[in-house]
Amino acid sequence: FGRRRGRVHLALQTDPRAPPALMVELSAYSTGALVREMSSGLVRIALECEKTPAHNTGNTIRTMLATYALYTCRCDRWMSYVYMHAGGERRRTALVEEPTWRAYCNGRKCGYAVRRECGAEEWRLLRAVEPVSVGAGVVPDGGAGEGDLMYMRARFERVVGSRDSEAFYMINPDGNGGPELSIYLLRV
């Protein structure tokens with residue numbers, strides 16, 4: 001969704017009433033450009049983020065303290081201590097929780113994407129289109145002067161390749177043909 005000349009927002013929800021599991025804003029891609037791209041056929045959006053390097057500090061005092069904590073504390077407490085303070089490999093965040101992404105549309109770089117929290121305006125739109133199961137349309141501006149909000153709502157099939165790759169394929173309601181929109185999340 002997004003304003004015609006504004007930025008595209010992608011919100012992935014498990015249920016129409018649930019908060020988005022992932023909401024990203026494409027920085028340099030307008031909603032009008034995405035609509036034009038979709039009118040020509042298949043659209044593939046790839047969002048790539050960087051893997052964080054593993055840090056290995058060797059046998060330091062903190063590592064020895066973490067080992068000591070292993071024997072003296074309850075299991076659930078020391079585990080977080082080991083990861084936070086031992087200097088070992090940092091726990092990876094879930095793929096949908098990555099903060100920034102490089103964005104590509106049909107193989108062409110289209111800027112970057114940033115993970116966003118759902119604000120008041122986004123919730124207003126999500127509540128307005130909640131009864132819509134599949135479709136696209138326009139929510140009127142309401143006199144604010146910022147332009148109408150365009151949206152598309154569809155069901156997606158989620159495919160997890162590994163902890164570093166997920167794909168969302170739009171399911172066509174008529175059941176024929178392939179997906180018109182595919183979203184790929186990759187950690188490279």
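Just so it is clear, the structure is predicted and the values come from calculations on it, not from any experiment.
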Any side-chain to backbone donor/acceptor pair from [X] onto [Y]? Under 3.5 Å, distance only.
{"X": "E98", "Y": "L95", "value": "no"}
{"X": "R153", "Y": "V132", "value": "yes"}
{"X": "S27", "Y": "Y112", "value": "yes"}
{"X": "R187", "Y": "C49", "value": "no"}
{"X": "N106", "Y": "R44", "value": "yes"}
{"X": "S165", "Y": "L186", "value": "no"}
{"X": "R3", "Y": "G147", "value": "yes"}

Linking I/L/V/M/F/W/Y whenever their side-chain heavy atoms sit closer than 4.5 Å, directly or via other members, would [X] and [Y] fall into one cluster?
{"X": "M170", "Y": "L22", "value": "yes"}
{"X": "F156", "Y": "W101", "value": "yes"}
{"X": "M150", "Y": "V8", "value": "no"}
{"X": "L47", "Y": "M152", "value": "yes"}
{"X": "M23", "Y": "Y184", "value": "no"}

To check you understand the geometry: which heavy-atom pair defines the closest contact between [X] and [Y], and what is its length?
{"X": "Y29", "Y": "E37", "result": "OH-OE1, 3.5 Å"}
{"X": "Q13", "Y": "P16", "result": "NE2-O, 3.4 Å"}
{"X": "W123", "Y": "P19", "result": "CH2-CA, 3.5 Å"}
{"X": "P131", "Y": "A128", "result": "CD-O, 3.7 Å"}
{"X": "Y151", "Y": "G135", "result": "CE1-O, 4.2 Å"}
{"X": "L26", "Y": "A103", "result": "CD2-CB, 3.9 Å"}

Hey, could you give me the [atom1]/[atom2] distance between [X] and [Y], rounded to the nearest 0.5 Å?
{"X": "Y104", "Y": "C110", "atom1": "OH", "atom2": "SG", "answer": "9.0 Å"}
{"X": "T100", "Y": "E48", "atom1": "OG1", "atom2": "CD", "answer": "12.0 Å"}
{"X": "D164", "Y": "L185", "atom1": "CG", "atom2": "CG", "answer": "11.5 Å"}
{"X": "L10", "Y": "I45", "atom1": "CG", "atom2": "CD1", "answer": "5.0 Å"}

Query raised in the report: So does E166 pair up with R158, basic N to acidic O under 4.0 Å?
Result: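 Yes, this pair counts.
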Query raised in the report: What residues, two or more places apart in sequence or in another chain, satisfy side chain to side chain contact (heavy atoms under 4.5 Å, CB included) together with E50?
Result: R102
Query raised in the report: Which residues pass the side chain to side chain contact (heavy atoms under 4.5 Å, CB included) test with A18, sequence neighbours left out?
Result: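 Result, side chain to side chain contact (heavy atoms under 4.5 Å, CB included) vs A18: T14, D15.
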Report summary line: With L149 as partner, the option from R124, E122, R4, H9 fulfilling side chain to side chain contact (heavy atoms under 4.5 Å, CB included) is R124
Query raised in the report: How far apart are the C-alpha atoms of E97 and R115, what are their side-chain angles, what is the distance that settles it, and do they pass the salt bridge (charged side-chain N to carboxylate O under 4.0 Å, His left out) test?
Result: CA-CA 8 Å; E97 294 177 1; R115 181 170 167 61; 5.5 Å; no
**Report entry** Side-chain touch L126/P20, heavy atoms, less than 4.5 angstrom
**Finding:** yes
